[in-house]
Amino acid sequence: MVKDDKARWLWYSGDFEIRQGLLQNFSREERSYDWPAYWNIDDCHKNVKFKRYYNLESETSFRVFATGIGYAEVNGEKYSFENKIVCNSGENKIRIFVGNSESLPAIYIAGDVIKSDVGWLASNFVNEMPAGWSNLYLEKKKDPNKIYFDKEIVRAISISECEKGVLIDYGRAIFGTIDIKKLESTTPITICYGESEAEALDVEMCYYKEEQVVIDSIPRKRAFRYLFIPNINHTQIDIDAVHEFIPLKNQSSFHSDNELMNKIWDISVETFTLCSGLFFLDGIKRDRWIWSGDAYQSYFINQYLFFDEDINTRTMLALRGQNEIKQHMNTIVDYSILWIIAVENHYMMSGDIEFLKQIYPKMESMMSYLVAQTNQLGFIYGREKDWIFIDWSEMDKEGTLAAEQILLLKAYNAMIVCGSTLGENTEDYFKKYTLLKKNLVEYFWDEEKGAFIDSYESGKKHVTRHANIFAILFDFVDEVKAKQILNNVLLNDGITQITTPYFKFFEQDALCKMGQNDRVYKIICDYWGGMVRKNAVTFWEEYIPEETGNDIYEMYGDPFGKSLCHAWGASPIYLLGRYFAGIKPTSPGYTTFLIEPQLDCFTAIECTFPVKDGSVTIIKKNNCLTITTTKEGGTLKLSSQEINLEVNNQYRFELDNVLVRN
């Protein structure tokens, strides 16, 4: 973590994330046209005032650098940017005004005493709060209106001539550009990109195609594994792939006796790493947008892989936008609700009270927006043009939907937890929570079916998995109802199966919570293993085992509409860390945390997972279990034993009799 007294670029809190989120959501390209996101998108403030008071012991000087126009003011006297400004000893009131009609207004102050460190306030001339900043922009030479990617040159693993052209395979998914090292052609060429070989070879329907390419062309950033260049042979061309990324440190490791599971882990890590940069993206080829539902799952996966708090907060701030709300996130009601729930989850992970203070007013305004579309029973309905999504699945959406009510109930709970932490009055949220919980059971629980129905208004009493999964995940049913849901819904093949890795995340989460680790282990091997057996190098947006041939790439009526590198496909990382290794925080920021391994599916396993400011390592070999943690506050629960763990002390257990041998 950077020291607070180091200079860095400053801006109005949240504006960097909002600005870059806008640019990210404008980056989608499809078949030679650009496709900006189809929802309301905020931009950063264009006029910002920075302020700080100093009581100086002696004379000092500083210079102000800015992205925009404006001036610095010391005790009422104005100064130009970049010129040396001298401050006398004693009281000094410094204000800096920056306007930028085109991009993010920001400042960098260079000086020995007066500098742009933590402690400055920023105002949009309506509200004033601590200035925003990022660990990515600690140097004056790094313009916060630009993204600085690391680059990796990737050489082709194979070049073959086919279909009257050259097919290049880089062996892995690339998110970046190309560097044409050699091009011997008398006429410009066409380059077709593909996540799959089939896509690259389809000159008409590949998502990305570049025409009129010459050797000094500057291609756009795209996602691909393959390139196909028609009407040329392999001796005429040499192209490197240039993979671009923002470094994120992998703090986990996993290796077991199951080679398929090891492969699933490795591909999950590759998939999630590719979809994680400045923000969590849904996927790297098709959308490249910031979706709140995708991000919600990414926060959990991040917790067990990178444990990077900054990418969480950047994504949350970009999604939320400015305080005034004109539309639900991504137009989806459940995505707005998931955003609120995610803030509580992030606080539990990080213990970051300062971020909670910053974001809580936006939680309140979002909750007010949601409450405004509830009825006298407390049920939330979609407004005109709202999208009630939940999942790509057949469900009864006539009237109000059970799954939506359970999400709203959890959001009330999140407001109570976060508000109480900050000393806010949460009585109204508690009243709404109580009313909604009562009516949820009264109107949506069907005793005969032993499950929640989708909609009570239609009279169809249709049951799908979604509401029932959420009810278990968020602890809104007692043990009796939870067992009914397990038997009548989750283990019932007569209930429509879930086909998207998106909701597979929630389903496997609920199954593990109900003690079904053996079943989840098999599902991971079958479902994600099915993609491995189809030679996936990253995990897909959707997998239907029965599909064959090029049908596996089709989605949304498009022959190559399916994303083959989708963040939610990496959920085995979370499942293995949370339920098989059994690691979870029991107080914010892992001040206390639980380790409850469930490793019967593995004969041998060695894994490490991060916790806040530390890690947990678990080794199982020859019926011996070894646990080590580098963080205080851990409790190991094994069978009937609970042991408070000491830092860096190796705990060994014979699993037959669970005897401790320190």
Side-chain angles (χ1 to χ4, degrees), residues 1-4 135 247-256 265 268-269 272-273 276 298-313 342-356 417-418 421 509 512-513 570 572-599 602 605-621 624-653 655 658 660-662:
M1 195 64 174
V2 65
K3 288 186 177 180
D4 286 350
N135 279 317
L248 290 164
K249 184 180 179 182
N250 180 357
Q251 299 194 58
S252 297
S253 63
F254 178 92
H255 187 78
S256 74
W265 171 270
S268 295
V269 171
F272 194 66
T273 301
S276 305
S298 291
Y299 306 138
F300 286 94
I301 300 168
N302 173 41
Q303 188 169 338
Y304 290 89
L305 186 65
F306 304 131
F307 208 98
D308 189 290
E309 298 176 35
D310 290 347
I311 190 173
N312 275 12
T313 58
V343 175
E344 181 198 354
N345 291 334
H346 176 75
Y347 175 64
M348 196 66 181
M349 166 188 163
S350 67
D352 187 348
I353 194 75
E354 293 305 315
F355 177 72
L356 191 60
V417 171
C418 295
T421 299
D509 198 347
C512 284
K513 194 165 185 176
I573 294 168
Y574 164 72
L575 296 169
L576 290 166
R578 169 61 187 87
Y579 290 106
F580 290 86
I583 303 166
K584 70 171 183 177
T586 50
S587 59
Y590 287 79
T591 302
T592 59
F593 59 98
L594 180 67
I595 308 168
E596 190 175 6
Q598 303 289 329
L599 299 173
F602 298 96
I605 184 173
E606 182 171 348
C607 57
T608 297
F609 289 97
V611 296
K612 172 81 172 184
D613 299 325
S615 63
V616 174
T617 297
I618 300 174
I619 302 172
K620 178 183 176 182
K621 186 177 181 181
C624 179
L625 184 68
T626 304
I627 310 286
T628 310
T629 177
T630 64
K631 162 86 172 178
E632 291 182 357
T635 297
L636 174 65
K637 186 175 181 180
L638 196 62
S639 297
S640 59
Q641 296 189 57
E642 286 195 10
I643 302 164
N644 294 325
L645 302 179
E646 296 179 2
V647 172
N648 296 322
N649 192 8
Q650 191 177 82
Y651 293 81
R652 300 182 68 241
F653 303 86
L655 293 177
V658 198
V660 181
R661 300 190 309 177
N662 284 329

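Counting begins at 1 with the first residue of the sequence.
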**Item:** Pair Phe355 and His346, ring centroids less than 6.0 Å apart
**Value:** yes
**Complete:** The reported gap from NZ in Lys631 to OG in Ser615 (rounded to nearest 0.5 angstrom) is 11.5 Å
**Request:** Would you mind reporting whether Lys612 and Met349 have side-chain heavy atoms less than 4.5 Å apart?
**Result:** no
**Message:** For a 4.5 angstrom cut-off between non-hydrogen side-chain atoms, does Tyr347 reach Ile353?
**Reply:** yes
**Request:** Give the C-alpha distance, both sets of side-chain angles, the deciding distance and a yes or no for side chain to side chain contact (heavy atoms under 4.5 Å, CB included) between Cys607 and His255.
**Result:** CA-CA 6 Å; Cys607 57; His255 187 78; over 6 Å; no
**Asked** For the atom pair OG1 (Thr313) and CG (Asp352), what is the distance rounded to the nearest 0.5 Å?
**Response** 7.5 Å
**Message:** Taking the side chain as everything from C-beta on, heavy atoms only, tell me whether Phe306 gets closer than 4.5 Å to Ser276.
**Reply:** yes
**Request:** Please work out whether the ring planes of Trp265 and Phe609 are parallel, tilted or perpendicular, with thresholds of 30° and 60°.
**Result:** perpendicular
**Request:** Decide yes or no for Lys620 and Leu655: does some side-chain heavy atom of the first lie under 4.5 Å from some side-chain heavy atom of the second?
**Result:** yes
**Request:** For Pro585 and Gln303, work out which heavy atoms get closest and say how close.
**Result:** CD-NE2, 3.7 Å
**Message:** So which atom in Ala570 and which in Ser268 form the shortest heavy-atom distance, rounded to 0.1 Å?
**Reply:** CB-O, 3.4 Å
**Prompt:** What distance do Leu625 atom CG and Leu638 atom CG have between them, rounded to the nearest 0.5 Å?
**Reply:** 6.0 Å
**Complete:** Nearest heavy-atom contact between Leu305 and Val269 is CD1-CG2, 3.9 Å
**Message:** If you define the side chain from C-beta out and look only at heavy atoms, does anything of Thr630 sit under 4.5 Å from Asn648?
**Reply:** yes
**Request:** I would like to know whether Thr421 and Leu356 meet side chain to side chain contact (heavy atoms under 4.5 Å, CB included); could you show each step before the answer?
**Result:** CA-CA 9 Å; Thr421 299; Leu356 191 60; 4.0 Å; yes
**Message:** Is it the case that the side chains of Asp613 and Tyr590 hold a donor-acceptor pair, with the cut-off being a distance below 3.5 Å and no angle test?
**Reply:** no
**Main-chain N/O of Thr592 paired to Ser587 side chain as donor or acceptor, under 3.5 Å** = yes
**Message:** Exactly one of Leu576, Ile605, Leu599 should register a side-chain contact (heavy atoms from CB on, under 4.5 Å) with Ser256. Which one does?
**Reply:** Ile605
**Message:** Can a donor-acceptor pair be found, under 3.5 Å and without considering hydrogens, that links the side chain of Asn644 to the backbone of Thr635?
**Reply:** no
**Prompt:** Are Phe593 and Val616 side-chain neighbours, meaning at least one heavy-atom pair lies under 4.5 Å?
**Reply:** yes
**Prompt:** How many angstroms lie between atom CD1 of Ile573 and atom CG of Asn302, to the nearest 0.5 angstrom?
**Reply:** 10.0 Å
**Prompt:** If you measure from CG on Leu645 to OH on Tyr651, what distance do you get to the nearest 0.5 Å?
**Reply:** 5.0 Å
**Contact check, side chains of Lys584 and Tyr579, non-hydrogen atoms, under 4.5 Å** = no
**Item:** From Asn649 atom CG to Arg652 atom CZ, the distance as rounded to the nearest 0.5 Å
**Value:** 12.0 Å
**Request:** Answer yes or no: are there more than 12 heavy-atom neighbours, outside Glu632 itself, under 6.0 Å from its atom CD?
**Result:** no
**Minimum heavy-atom distance between Asn312 and Tyr299, given as atom pair plus value** = OD1-CD2, 3.3 Å
**Prompt:** Going by heavy atoms in the side chains, are Lys249 and Phe307 under 4.5 Å from each other?
**Reply:** no
**Message:** So, using side chain to side chain contact (heavy atoms under 4.5 Å, CB included) as the criterion, who are the partners of Gln598 when residues are at least two apart?
**Reply:** Asn517, Glu596
**Request:** Indicate whether any N or O donor in one side chain lies under 3.5 Å from an N or O acceptor in the other, for Thr617 and Thr628.
**Result:** no
**Fill in**
Note: Met348 and Thr586 closest approach over all heavy atoms is CE-C, 3.4 Å
**Asked** In this structure, which one of Phe272, Phe300, Phe580 forms a ring-ring contact (aromatic ring centres under 6.0 Å, His included) with Tyr574?
**Response** Phe300
**Message:** Let's go through Thr626 and Gln650 carefully: what are the C-alpha distance in whole Å and the side-chain angles of both, what is the deciding distance for side chain to side chain contact (heavy atoms under 4.5 Å, CB included) to 0.1 Å, and is it a yes or a no?
**Reply:** CA-CA 7 Å; Thr626 304; Gln650 191 177 82; 3.1 Å; yes
**Request:** Please lay out, stage by stage, how Ile595 and Ile618 fare under the test side chain to side chain contact (heavy atoms under 4.5 Å, CB included).
**Result:** CA-CA 10 Å; Ile595 308 168; Ile618 300 174; 4.1 Å; yes
